[in-house]
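Read the structure below first, then the notes.
Whatever order the structure lists them in is the order used to number ligands and atoms, beginning at 1. Counting begins at 1 with the first residue of the sequence.
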Amino acid sequence: MTLSIRVVGVGDAFTARYYNACLLVEADDTRLLVDAPPALARALADLGSRGGPTIGLDDIDHVLITHLHGDHMGGLEQLLFWRRFVTRRRCTLHAIPEVLAGLWDTRLRGGMDVLMDADGARHPLTLDDYADVRAMPSNPADVHRIGALELSWRPTVHHIPTSAIRVAHGGAHFGYSADTAFDETLLAWLGEADLFAHETNLGVHTPLDRLAALDASVRARMRLIHYPDWHDVDDATIASAREGDRWTL
Ligand SMILES: [Zn+2]
């Protein structure tokens with residue numbers, strides 16, 4: 001009955017040190033990958049070298065894409081090509097309607113929408129040829145079920161449409177901010193969870209000092225993610241997620 005979260009990557013868009021931020025949520029027989037960053041197969045394989053079972057591209061049943069920035073979805077083509085052409089096992093893609101609307105047309109189709117034979121014949125493909133696609137409810141208050149998980153979402157403050165999520169299973173709740181500016185209402189929503197991962201970074205992101213000023217009870221349930229390479233992961237003000245961490249709720 002436990003809800004388990006494994007930390008696949010913790011880095012930001014520019015990291016030269018980590019994998020990009022990515023989480024693997026597991027409950028019963030359901031396994032949900034939250035975002036699909038570049039070098040996905042290697043990031044998943046490295047989970048095995050960090051004390052947990054090895055995860056391969058075939059072990060991902062469900063993928064949720066929080067938004068269309070490349071550090072959050074740049075590994076999706078790898079996953080979908082593998083599943084269609086190598087092992088022929090479909091997975092299910094989840095995202096809010098605004099993300100799904102651009103996923104194929106603005107990010108994936110350039111390398112995926114046609115197969116050309118040696119004789120020049122062209123065979124068109126769509127996203128539905130690669131995966132089962134399930135839009136999350138346009139109304140964030142509506143629950144989105146993925147196997148043993150119940151999800152809800154909330155828009156964040158970012159340059160493009162982005163969804164923070166909360167995942168529930170067996171009475172346990174986990175939250176993830178995805179990319180966002182500092183947003184007290186989002187923090188209140190995430191803070192209802194038993195544990196939540198929150199981004200921190202420069203620019204349009206959430207400054208660390210704003211999070212460090214929150215009540216100790218909130219900080220105790222927060223794990224920092226999507227931090228810059230120079231972030232001090234040993235600073236105890238708020239615990240930092242580390243690649244290979246497994247949180248069970
Ligand atoms: Zn982003």
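Judged by distance alone, with hydrogens and angles left aside, the side-chain atoms of Arg107 form no donor-acceptor pair with the main-chain N or O of Met73 at under 3.5 Å.
Ionic pairing of Arg122 and Asp113 is not present here: no N-O contact between side-chain nitrogen and carboxylate oxygen is shorter than 4.0 angstrom.
Listed by chain and number, the hydrophobic cluster partners of Trp230 are Leu202, where partners are ILVMFWY side chains within reach of under 4.5 Å, directly or through others.
The Zn ion (ligand 1) is the vertex of the angle joining NE2 of His158 and NE2 of His67, which measures 100° to the nearest 10°. Computed with the Zn ion (ligand 1) at the centre, the Asp179 OD2 to His69 ND1 angle is 170°, stated to 10 degrees.
Annotation: cation-pi pair Arg166/Trp153 absent, no NZ/CZ under 6.0 Å from the ring centroid and within 45° of its normal.
Taking backbone and side-chain atoms together, His159 has no N/O/S atom less than 2.8 Å away from the Zn ion (ligand 1).
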